[in-house]
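Order of listing sets the numbers, starting from 1, for every ligand and every atom in it.
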Amino acid sequence: MVKAKTWIEPHPSGIYVKPADLWIDPSRPVERAAVTHGHADHARSGHGAVFATPETLAIMALRYGVDVEASHNQAFPYGDGFERGGVRFSFHPAGHVLGSAQILMEYQGERIVVTGDYKRRPDPTCAPFEVVPCDIFVTEATFGLPVFRHPPTADEIAKLIGAVRAEPDRSVLVGAYALGKAQRVIAELRGAGWDAPIYIHGALEKMCELYAVHGVDLGELRLVSETDKAEMAGQIVLAPPSALNDRWSRRLPDPVTAMASGWMRVRQRARQRMVELPLVISDHADWDELTTTISEVNPKESWITHGSEDGLLRWCELHQRKARALHLVGRDLEEEA
Ligand SMILES: [Zn+2]
Ligand SMILES: [Zn+2]
């Protein structure tokens, strides 16, 4: 029997760790927050003190003006951590975006891991997910249904490059979330041998620079706003998804609209966004990655949150694994998937 329920409390607005008087990924401002990664549904502004990896703190500084120099905010590299109220906290790679971490808590002989968001397939822009053995595994379930099986990333990148080559008079405009997805698509393109300049929307510039500062080589990037329209024919342009069908895209030569997201697996979603070239590239675990991870971590209990809880819950039941669904609010699954 796990004792966890006596020291850790899932609330709609986040996970509260009682003996430490600290919240994990709270969706409202609190006195003390441990943050798994920089996406807006996990990292909020206005906390008294923030505990996170150095990369996540840097991202929060960029997005919300969190003061990295302030002594109450503390950065911990992977493997490292702190103790508070008898609880030992440590940060371990989640493979989701730069700096993303699972948070391990150890208290009176019991171990709980909160994954935040994660994925298992290789990503050139961040450290790979680590299996951290624990009693309770709090897992996301964005794609917690068997229909969600992401294709190999290399196939989607090849599709993108093929589309650019097929239309030398047009540009291909890829909608990609500003933190993580955009940089990953760029790095995957570089890995596939695309060494031409890649053109970006101004909203991506600062985050791309932050990645470069943290050692992720993105090659030559040029701002669309500083480029002649004709130069972008036969080239790849990246913008946040909101810019896809915006007036902004008129700066580009007859763009082919693409979007990189796990949701592109659902044809209707691609149609809704008027995406001609859906690219199924996700920073979240797909169904097989989720179920494999639960098997490998092999916890006494899984707590499922953040998405299709019921699908994964059912799988756990079928495999005689103890599980429960947590219903946290304020999780925006749409933008970053
Ligand atoms: Zn995320
Ligand atoms: Zn998330």
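- In the hydrophobic clustering of this structure, L312 groups with F129; members are Ile, Leu, Val, Met, Phe, Trp, Tyr whose side-chain heavy atoms approach within less than 4.5 Å, directly or through other members.
- H284 lies apart from the Zn ion (ligand 1) in this respect, since none of its N, O or S atoms is found at a distance under 2.8 Å.
- Just one of R265, R121, H150 meets the side chain to side chain donor-acceptor pair (under 3.5 Å) condition when paired with D286; it is R121.
- Aromatic pair F51/F89: ring centres not closer than 6.0 Å.
- The atom of H42 that is an N, O or S and sits closest to the Zn ion (ligand 2) is NE2.
- With hydrogens and angles ignored, the 3.5 Å screen pairs a side-chain donor or acceptor of H214 with a backbone N or O of L210.
- With hydrogens and angles ignored, the 3.5 Å screen pairs no side-chain donor or acceptor of N73 with any backbone N or O of V68.
- The distance from the Zn ion (ligand 2) to the nearest N/O/S atom of H306 is under 2.8 Å.
- Because the distance cut-off is set at 2.8 Å, H96 qualifies as a neighbour of the Zn ion (ligand 1) through one of its N, O or S atoms.
- The atom of D117 that is an N, O or S and sits closest to the Zn ion (ligand 1) is OD2.
- For E140, every N, O or S atom stays at 2.8 Å or more from the Zn ion (ligand 2).
- Aromatic rings of Y107 and W7 (six-membered ring for Trp) have centroids within the 6.0 Å cut-off, being under it.
- In this structure, R321 fails the cation-pi test against W315, since its NZ or CZ atom is not both closer than 6.0 Å to the six-membered ring centre and inside 45 degrees of the ring normal.
- The Zn ion (ligand 1) lies at 2.8 Å or more from every N, O or S atom belonging to D283.
- For H39, the N, O or S atom with the smallest separation from the Zn ion (ligand 1) is ND1.
- As for D41, its N/O/S atom nearest the Zn ion (ligand 2) is the one called OD2.
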